[in-house]
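Letters A, B, ... are given to chains in the order of the sequence lines, protein chains preceding strands, and every chain is numbered from 1. Predicted, not measured: the structure shown is a model, and the values here were computed from it.
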There are 2 protein chains.
Amino acid sequence: MTQQDFPASPPPTMADVATRAGVALGTVSNVLNAPEKVAEATRARVQRAIDELGFVPNRAARVLAAGTSTTIGFVIVDLANSFFLDMARGAEREAERQGMNVLIGDSDLRIEKQRTYLRLFDEERAAGVLVAPHPDTDEDVDRARARGRRIVVVNGHSGLAGCSVDADNELGGYLAARHLIETGRRRLLFVGSRTGVPALEDRARGARRAVAETNGAVVLSLRETSRVRAEHGREVGRELATVSAGRRPDGIVAASDLLAVGIIEVLLASGVSVPAEVGVVGYDDNRAAWDSALPISTVAQPGTEMGIAATRLLLEELRSPQTHRHRHIVLEPRLVPRESSAPANRHPR
Amino acid sequence: MTQQDFPASPPPTMADVATRAGVALGTVSNVLNAPEKVAEATRARVQRAIDELGFVPNRAARVLAAGTSTTIGFVIVDLANSFFLDMARGAEREAERQGMNVLIGDSDLRIEKQRTYLRLFDEERAAGVLVAPHPDTDEDVDRARARGRRIVVVNGHSGLAGCSVDADNELGGYLAARHLIETGRRRLLFVGSRTGVPALEDRARGARRAVAETNGAVVLSLRETSRVRAEHGREVGRELATVSAGRRPDGIVAASDLLAVGIIEVLLASGVSVPAEVGVVGYDDNRAAWDSALPISTVAQPGTEMGIAATRLLLEELRSPQTHRHRHIVLEPRLVPRESSAPANRHPR
DNA sequence: TTGAAAGCGCTAACAA
DNA sequence: TTGTTAGCGCTTTCAA
């Protein structure tokens, strides 16, 4: 275990391999890219030279010469949210199946970092790009698309000039609200609505539809929040705790699990019983929200499926650019009932 | 919003920019890489041409010509484990500070995928590579290093010929065991030991040290498991549930949070009270383990700091290859006491 | 300060 | 089946 490294000699090139194997440069290239064009004996000899030299082809040169890459970039708004990680998993699985690689850039909720990675993949001439975008901006994606980059937007905003894959947020909101209604709640509150964020608007709309189906037996109000993290939930929780029980909502649809966590935390601390007095349903089935002492009912998003679908769309577009028509795929979420919305007539724990 | 894309004309090159701006190719390159060498008027003219054309430099060509890249690859064994995600976050933050980019390859616990990504970054001639490796293999990393690739191993195995950053697992095991002893436990069990996995051996050794300090007042036994996921914990839990209370361990150090989750789940379901009868401490502070109804005490790993340290080591090595001496950095974990190990004389909830 | 030209390592078309 | 060669788009001398 000596400290001395091998001298940093430049890595061997194809020319080195060719010399060593006593063949022409093009033959080495063929051994790598079209082995069937090379006689078995030659192939073996070249392969030996490759192994002996530890030759690793230079991808930059390959991309430059061939003008194509096998790398797909995935720009992800927030890897800590397991919904997005599921997408990445799905994308990688599908890409691998089709002989491509996925590299992940984590925007970490920052618009500048999203821009940085979009730009990076653009400069690298990635075959194509998947983006789970920051909610507050389309422009970077639009700009890259205008420059001819192939981009599929996952969980983004519709109406863009390209393929996209989304979850059915209207249905998710509907499922959550209907579940609360079915478990006996009559005064619903949707927390986390925000005009201008289509996903949240859709969820609120779905909740409204479920309420409308009751023909007035159930009422719904909306509460905006600036963001959808736990701290914003706590703020809402504090408000609710001051309301008299008779006027307080008895069913809450939160726009995210973390929001739900915050609300529940404060309610419980204030002596309001969840789910007996107030039922709460979150959104995302975020693993980071499983923190809560009380398991949170939630609407699980089809993350893995979305990643797979997006990758398929992208590869389809890359492989037949002329016949390709942009598509907009919508996948369905799934209600996951847990403790936080258990029926009021049941005694939890 | 027409379906018609812009015709897929090839992206503009530096030559196009040069022509449009009426300057030479090299001048455009200088505007991008050494603006101070170009007269202001020329610079502005070139910049205008760049903007008008929507020129994005081709990184493959740049890497090829310059022989250097600004991209760092990070091969991560399991992104779903928030410990590793924290490392990625740390690495990105530090890399960004130093003008580099980090791209993530998720091995997803599979050795072949780790190999694929190592190879990919090698082919791309990434400036350097960070690896949080799969526990069962060094060889791929060793091989790449032998070929002269600069690699820093994070949370890996020591004794490798290069820089590395690790958490102090011995200390972690010590902290967990001492905490249990201080909260009144006398018969400790370390679950998840496995010979051949240094991190786990170290934690067990730390636990042993804490017990040794009691001069016989506390005893420790070890229980191996094949893996450290929740299912393996459940198996152990079932065994413990059949043991009479007087002979059962009253303090458990689990090698992972998920292991702890599984153990606790079965114990509670079997009527064994946690933490009153058995105190449990997990390891990792994994967000995915916050699922548990009972918040798990744990040893939190310094993930972010490890990512930062690893990136610093890598960049230091890249920037001064000759004077560089490999280093092995060890960072300290931190005990996070929660419900699962609350003192026996306290009545939880 | 700007321009011209020689590669960087590879692919692919064509010749032998 | 194998060899030859012209680029791919950029950086980087070296001259002008």
C/dG9 C1' sits how many Å from A/Asn33 CG, rounded?
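About 13 Å, once rounded to whole Å.
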How close or far is atom C1' of C/dG9 from atom CG of A/Leu32, stated in whole angstroms?
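Taking atom C1' of C/dG9 as the reference, CG of A/Leu32 is at 12 Å.
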List every contact pair, protein side and nucleotides 2-6 of chain C side both N or O, where the distance is under 3.5 Å.
from: C/dT2; atom 1: OP1; to: B/Thr42; atom 2: OG1; distance (Å): 2.2
from: C/dT2; atom 1: OP2; to: B/Ala39; atom 2: N; distance (Å): 2.9
from: C/dG3; atom 1: OP2; to: B/Ala24; atom 2: N; distance (Å): 2.8
from: C/dG3; atom 1: OP2; to: B/Thr27; atom 2: OG1; distance (Å): 3.0

Please lay out, stage by stage, how B/Arg59 and B/Ser69 fare under the test side-chain hydrogen bond (donor to acceptor under 3.5 Å, both in side chains).
CA-CA 8 Å; B/Arg59 230 175 163 91; B/Ser69 167; 5.4 Å; no
Inspect the contact between [Y] and [X] and indicate whether a charged nitrogen and a carboxylate oxygen are less than 4.0 angstrom apart.
X	Y	value
B/Arg62	A/Glu123	no
A/Arg110	B/Glu96	yes
B/Arg149	B/Asp142	no

Under 4.0 Å, counting only non-hydrogen atoms across every strand here, what does B/Ser29 touch: a base, just sugar-phosphate, or nothing?
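Base, at least one base heavy atom under 4.0 Å.
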Pull out every residue in residues 49-67 of chain B that has a heavy atom closer than 4.0 Å to any atom of DNA chain D, ordered by number, or say none.
B/Phe55, B/Pro57, B/Asn58, B/Ala61, B/Arg62, B/Ala65, B/Ala66
Would the A/His326 and A/His324 ring centres measure less than 6.0 Å apart?
yes
Answer yes or no: does atom CZ of A/Arg48 have more than 12 heavy-atom neighbours from other residues, nucleotides or ligands under 6.0 Å?
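No.
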Among A/Arg115, A/Arg147, A/Arg143, which one satisfies salt bridge (charged side-chain N to carboxylate O under 4.0 Å, His left out) with A/Asp122?
A/Arg147
Test A/Ile151 against every option in A/Val129, A/Val75, A/Leu314 by the side chain to side chain contact (heavy atoms under 4.5 Å, CB included) rule and name the one that passes.
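So the option named by the test is A/Val129.
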Does any non-hydrogen side-chain atom of A/His328 lie less than 4.5 Å from one of A/Cys163?
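A side-chain contact is absent here, since even the closest heavy-atom pair is not under 4.5 Å.
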Judged by atom type as modelled, is there a donor-acceptor pair below 3.5 Å linking the side chain of B/His134 to the main-chain atoms of B/Leu109?
yes
Does anyone know the first and last nucleotide of DNA chain D in reach of chain A, 5' to 3', at under 4.0 angstrom to a heavy atom?
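Contact span on the strand: D/dT1 to D/dG9.
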